[in-house]
Amino acid sequence: MHLTESCDEDSPHIITHVETTAATTQDVTVVPSIHQALGEKNLLPQQHLVDQAYTSAQLLSTSERDYNIDLLGPVALNVGWQAKAGLGFDLSHFKIDWQQKAVYCPQGKRSYLWKKNKSVYGKPVIYVEFRQRDCLACPVRSQCTHAKTNPRGLTIQAQSDYEALQKGRERQKTEQFQKQYQLRSGIEGTISQGIRGFELRDCRYIGLAKTHLQHILTAAAINLGRVFAWLEEIPRAKTRSSHFARLADTIVC
Ligand code: SF4
């Protein structure tokens with residue numbers, strides 16, 4: 001079950017969409033259908049806060065392009081050995097000239113191959129390769145490739161996806177991102193409320209359609225309770241901390 005809720009400070013936090021899928025469905029695959037459903041209900045947000053399981057380079061760019069939504073969440077880091085070592089030349093060290101379909105390496109060498117390809121997930125990617133003679137003679141080769149004789153090759157995403165991912169990686173380093181992202185924790189409270197107060201994890205019916213109906217009814221009940229609390233000016237509960245965390249705070253203070 002994937003819940004979407006509003007999180008404006010001055011109004012009740014209302015569940016705006018309920019998506020029910022088989023448990024094996026990957027989170028990242030449901031984002032387009034959630035946006036489509038929200039659009040049909042005229043409830044598209046300007047910004048959609050999600051955890052990392054719901055972000056990908058392609059989703060960052062298509063959410064903005066198709067729905068004008070800023071999809072905000074942690075994005076995958078560069079996992080190549082060059083990035084992990086911190087001393088090697090990962091993709092961020094290369095300059096891409098999209099017009100000329102060429103990439104320039106940290107030594108200023110220009111790639112000779114630019115080939116459209118598909119990733120293992122069927123997404124469009126571009127394979128780039130440098131000249132063997134340049135790479136074999138390169139004085140910093142060990143920071144670039146572990147290949148014995150082959151030149152450095154790079155796989156890059158389509159331009160819009162690549163740029164959206166780089167933007168996301170830069171943004172998640174900022175304090176503003178951390179502050180905005182804190183709001184996402186509210187949905188964890190909603191899921192907890194559904195599980196503890198409404199037995200959300202106990203599926204009473206067989207089949208996705210009936211299960212979805214159960215989820216819709218649960219969400220409607222939660223919404224009614226929230227609207228009532230808002231009308232009665234009952235403040236939202238604060239996040240609880242464990243006895244141990246409270247004790248640790250007391251000792252520190
Ligand atoms: S190994 Fe090749 S791609 Fe890497 S820095 Fe040297 S010349 Fe450039």
Side-chain angles (χ1 to χ4, degrees), residues 26-29 31-32 48-181:
Q26 282 191 310
D27 294 345
V28 74
T29 63
V31 176
H48 189 181
L49 310 179
V50 293
D51 74 24
Q52 191 169 344
Y54 297 85
T55 64
S56 71
Q58 200 175 28
L59 280 175
L60 295 177
S61 70
T62 53
S63 298
E64 188 167 357
R65 186 195 65 202
D66 300 342
Y67 298 102
N68 206 18
I69 290 177
D70 175 18
L71 191 70
L72 186 139
V75 297
L77 296 173
N78 199 329
V79 292
W81 66 262
Q82 295 95 336
K84 280 188 194 156
L87 297 167
F89 301 142
D90 62 48
L91 191 51
S92 67
H93 291 79
F94 292 76
K95 195 166 164 288
I96 304 174
D97 185 335
W98 297 99
Q99 300 285 328
Q100 298 291 323
K101 298 191 171 152
V103 178
Y104 293 87
C105 79
Q107 288 292 100
K109 302 294 181 192
R110 182 187 162 127
S111 60
Y112 81 97
L113 181 71
W114 177 281
K115 192 175 155 197
K116 284 188 178 174
N117 214 333
K118 292 254 183 219
S119 72
V120 283
Y121 304 107
K123 303 272 163 39
V125 291
I126 299 151
Y127 180 70
V128 169
E129 201 170 272
F130 291 85
R131 288 184 196 283
Q132 193 172 35
R133 65 163 186 264
D134 290 335
C135 293
L136 278 177
C138 178
V140 290
R141 182 181 168 84
S142 62
Q143 287 171 254
C144 196
T145 176
H146 283 159
K148 279 205 173 108
T149 53
N150 283 343
R152 176 71 189 265
L154 294 167
T155 299
I156 52 182
Q157 286 137 329
Q159 184 175 1
S160 56
D161 299 355
Y162 173 84
E163 289 173 347
L165 183 61
Q166 299 314 309
K167 203 167 128 197
R169 282 178 176 161
E170 285 307 311
R171 176 160 75 166
Q172 69 190 1
K173 293 181 197 160
T174 65
E175 256 179 54
Q176 197 196 358
F177 172 88
Q178 298 299 339
K179 203 163 163 233
Q180 288 176 307
Y181 190 62

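Numbering of residues begins at 1 and proceeds along the displayed sequence. Whatever order the structure lists ligands and atoms in, that order sets their numbers, starting from 1.
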Are side-chain N/O atoms of Q159 and E163 paired as donor and acceptor at under 3.5 Å?
yes
Would you call R141-D134 a salt bridge at under 4.0 Å N-O?
no
Which atoms of ligand 1 are found less than 4.0 Å from any heavy atom of C138?
1 (S), 5 (S), 6 (Fe), 7 (S)
Is the W114-Y127 ring centre distance short of 6.0 angstrom?
no
Has C105 got an N, O or S atom lying less than 2.8 Å from atom 2 (Fe) of ligand 1?
no
Ring centroids only, cut at 6.0 angstrom: are F130 and F94 within range, meaning strictly under it?
yes
Which residue and atom name correspond to the protein heavy atom nearest atom 5 (S) of ligand 1, and how close is it?
Q107 CG, 3.6 Å
Which residue supplies the protein heavy atom nearest to atom 2 (Fe) of ligand 1, what is that atom called, and how far is it?
C135 SG, 2.4 Å
Run the numbers for me: atoms of ligand 1, each under 4.0 Å from some heavy atom of C144, listed by number.
1 (S), 3 (S), 4 (Fe), 5 (S)
Show me which atoms of ligand 1 lie under 4.0 Å from any heavy atom of R152.
3 (S)
Could you tell me whether the side chain of Y112 reaches within less than 4.5 Å of the side chain of V103, counting heavy atoms only?
no
